[in-house]
Amino acid sequence: MPPDELRGPGAVAVDDAAVEWLARDRLGFEHLRPGQLRAAAAAAAGRDVLAVLPTGGGKSAIYELAGMIRDGPTLVVSPLIALQDDQVAHLRRAGLTAIVLNSHQSPREHAAALAESCGPDAFVFCAPEQLSNAETRKVLQRARPGLFAVDEAHLISQWGHDFRSDYLRLGAQADALDVPVRVALTATASPPVRQEICRRLELRDPEVVIGDFDRAHISLAARSVRTEDEKLHELALTVARLAGAGIVYAATHASAEAARATLAAAGESVTLYHAGLSSRARREAMSTFLDGSARIVAATVAFGMGIDKADVRWILHVDPPPSLDAYYQEIGRAGRDDEAASAHLLYRPEDFGAAVHFVSRGVSQRAVERVATMLASADHVPLTRATTAALVRLADLGAAVWDAEGTAGWSGTLTVKAAVAASDAETRRENEIERSRLEMMRRYAEHTGCRRSFLLSYFGQSQPGYCGNCDNDTAVGAVTPAVEPFAVGERVVSDHWGEGTVQRYDGDQLTVLFDDHGYRDLLVPLVVERSLLRPA
DNA sequence: CGGGTCACCCTTAAGGGTGACCCGGTGCCTTAAT
């Protein structure tokens, strides 16, 4: 069936076979996975979609297929300019119109690209910041886009709050552009992150597609050391035993450099990558790792997204990331070729204390107060880096409202003082939740049972309890608790913590994710004896 | 939260101890100066 017959605003029913035909004939995908097909068909039929697909590539197939079928241009929000170039190349190879909008273009190039983006079949890639430009938004709105896709959508939660706050405004931007269908795509999102994506993008009754999180061919191990010296010693010993290409992840520039120096002294070919290096040094580090002339790269989180190397054999962390979401994402860069790979974590107990710095979320209270005062006295508040996060916070609290122009006004439902107090409470709530996420990372590190089952249950996937491919499973089997008073996934209420969802059992411990307080561990015997929880 | 740095303290006057202070990760974009 030719694609043209699929078109039209009334295309509510979209035939799976037609989507598969497009995938094979136009894009060269021999087989679509069931999740990809379901997500693409739903978006093509006009439904919002959240797709969390950890394994295999092909998330791009979802917006590519839906975009081809839907009327009007497709807008794809993509975090890094370096990624956009690859995404465009894929579509152009398929003979489709794909363009980018970014600051690397001269004003003339930008204007030309913007004009071209109005074509009904165009795929337009840009970072969220581009949409904050009113002129750009106006042109795109006139082009009547048919699909708004957000790639790497977990960044809404990961970056929006304190780093690139334009990520928090994507829902409002999609409103302003009047795009009928929204698609959020990511490889990694635990249940609370999924919720935040849906809320921030204002997805309406989305089709939610969750893939299989298990990557059974990646072995898991963690080891505690007492000092930094011991850690570096252990690093050299471990790496000497590991074959093939690997990434050493560190939390800071200094820690990455120390890892590089240790491995170099041990005779390894190792390069260094972090955002403190010149762009030339970064390019060289990247290419020596990709072409294999350096076996190892020691890096911070700057090294990651869009790394196209299928045969990374191992990932070794010398510092714990601030959450299991981040950890899972980073170890997922190993074994893309589905051959055996391994993930190793080296940590000192006090590393988790230092990591608190990376999780405290910061909408500055001072900025909130300043912006609230300006709004309340009807002053114009420019949308800058400093004000955006504060405006989003005030809008979240109901103290401010966005208008159609994408600017904010004072709602009058709260006083400035009340809004500032509410914002302060919200910051404390967020920080409590972030700390509990870090606490789950620590629990993973110190876990004595099956690490895979711990990791999988964190992502809401039922666990076998024993994987046989993690360090702990070689010694002991999992102990099933005699009593499980609530099912995993069940909603419960506690007088102390409010409502939450049961996450997992581990021996006689029960982990609940409370909506307002994050992850909490409870002892099953106490829960039973004192009726600490009841069904919600 | 924890580490590194630095001023300042003591004193078998050269070097070690102490406490205050600061810093730590991701990348868009714009604009000004070469």
Side-chain angles (χ1 to χ4, degrees), chain A residues 76-85 100-107 109-110 125-137 150-152 154-170 173 188 225-229 231-232 247-259 272-279 282-283 286 298-307 317-323 325-327 329-330 333 347-362 382-389 431 434-435 438-439 441-442:
Chain A
V76 185
V77 175
S78 172
L80 305 182
I81 292 172
L83 285 182
Q84 294 164 9
D85 294 337
V100 294
L101 296 173
N102 63 48
S103 62
H104 291 187
Q105 298 164 320
S106 68
E109 286 171 329
H110 194 273
F125 294 84
C126 67
E129 289 82 359
Q130 283 287 322
L131 301 177
S132 292
N133 182 310
E135 287 302 308
T136 300
R137 215 166 45 224
V150 180
D151 198 18
E152 309 288 355
H154 60 282
L155 295 175
I156 291 168
S157 164
Q158 190 177 317
W159 279 357
H161 297 268
D162 56 356
F163 180 51
R164 289 173 67 179
S165 50
D166 286 279
Y167 262 101
L168 295 183
R169 299 229 310 129
L170 286 173
Q173 302 289 22
T188 313
V225 294
R226 275 158 307 177
T227 65
E228 279 299 314
D229 284 348
K231 188 189 276 180
L232 293 174
I247 305 172
V248 177
Y249 274 113
T252 62
H253 297 176
S255 175
E257 171 56 26
L272 177 70
Y273 191 102
H274 60 65
L277 302 172
S278 70
S279 56
R282 292 173 69 164
R283 264 199 310 278
M286 173 81 82
T300 62
V301 291
F303 192 79
M305 259 187 303
I307 302 302
H317 282 78
V318 291
D319 297 301
S323 69
D325 300 68
Y327 185 66
Q329 204 164 33
E330 286 160 16
R333 289 171 192 139
Y347 67 98
R348 296 172 312 149
E350 54 269 49
D351 289 340
F352 293 91
V356 167
H357 162 74
F358 294 110
V359 307
S360 59
R361 283 186 170 179
L383 269 180
T384 67
R385 183 201 189 97
T387 61
T388 300
N431 282 338
E434 288 304 310
R435 277 168 193 254
L438 175 60
E439 182 60 17
M441 184 67 224
R442 191 184 62 76

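Just so it is clear, the model here is predicted, and its values are computed rather than measured. Residue numbers start from 1 in every chain, and the chains themselves are labelled A, B, ... in the order their sequence lines are given, proteins ahead of strands.
Residue A:F358 contributes atom CZ, which lies 5 Å from atom C1' of B:dG24 at whole-angstrom precision. When the P atom of B:dG25 is taken as reference, atom CG of A:L277 falls 11 Å away, rounded to whole Å. Remark: C1' of B:dC29 and OH of A:Y167 are 14 Å apart, rounded to the nearest angstrom. For A:I156 and B:dT26, the CD1 to P distance is 22 Å, given to the nearest whole Å. Distance, A:Q329 CD to B:dG25 C1': 14 Å, rounded to whole Å. If you measure from atom CG of A:L101 to atom C1' of B:dC29, you get 14 Å, rounded to the nearest angstrom. If you measure from atom CD of A:E152 to atom P of B:dT26, you get 17 Å, rounded to the nearest angstrom. Per the geometry, CG belonging to A:D166 stands 15 Å off C1' belonging to B:dT26, to the nearest Å.
To the nearest 0.5 Å, the span separating CG on A:D166 from CD on A:E129 amounts to 4.5 Å. Residue A:M305 holds its CE atom at 6.0 Å from CG of A:L83, rounded to the nearest 0.5 Å. Here CG of A:L131 is found 7.0 Å from CG of A:L170. Values are rounded to the nearest 0.5 Å.
Distances shown here put every side-chain N or O of A:T252 at or beyond 4.0 Å from the OP1 or OP2 atom of B:dG24. When the side-chain nitrogen and oxygen atoms of A:Q158 are compared with OP1 and OP2 of B:dT26, none of them lie within a distance under 4.0 Å. Residue A:R282 places no side-chain N or O under 4.0 Å from the OP1 or OP2 atom of B:dT26. At B:dT26, one or more side-chain N or O atoms of A:H253 fall inside 4.0 Å of OP1 or OP2 (strictly under the cut-off). Look at A:R169 and you won't find any side-chain N or O under 4.0 angstrom from OP1 or OP2 of B:dC28.
Both thresholds, 5.5 Å between centres and 30° between ring planes, are met by A:H357 relative to the base of B:dG24, so the two rings are stacked. Aromatic stacking is not marked for A:W159 over B:dT26, as the cut-offs of 5.5 Å for the centres and 30° for the planes do not both hold.
Base pairing of B:dA33 is not made with any nucleotide, judged by Watson-Crick or G-U wobble geometry with both donor-acceptor distances under 3.5 Å. Here B:dC21 sits opposite B:dG4 as a Watson-Crick or G-U wobble pair (both hydrogen-bonding atom distances under 3.5 Å). The base-pairing partner of B:dG27, taking Watson-Crick or G-U wobble contacts with both distances under 3.5 Å, does not exist among the strands shown.
More than 90° away from 0 lies the glycosidic angle of B:dA20, which makes this nucleotide anti.
Between A:R333 and A:F303, the shortest heavy-atom distance links the atoms NH1-O, 3.7 Å.
Of all nucleotides listed (B:dG25, B:dG27, B:dG3), B:dG27 comes nearest to the side chain of A:L80.
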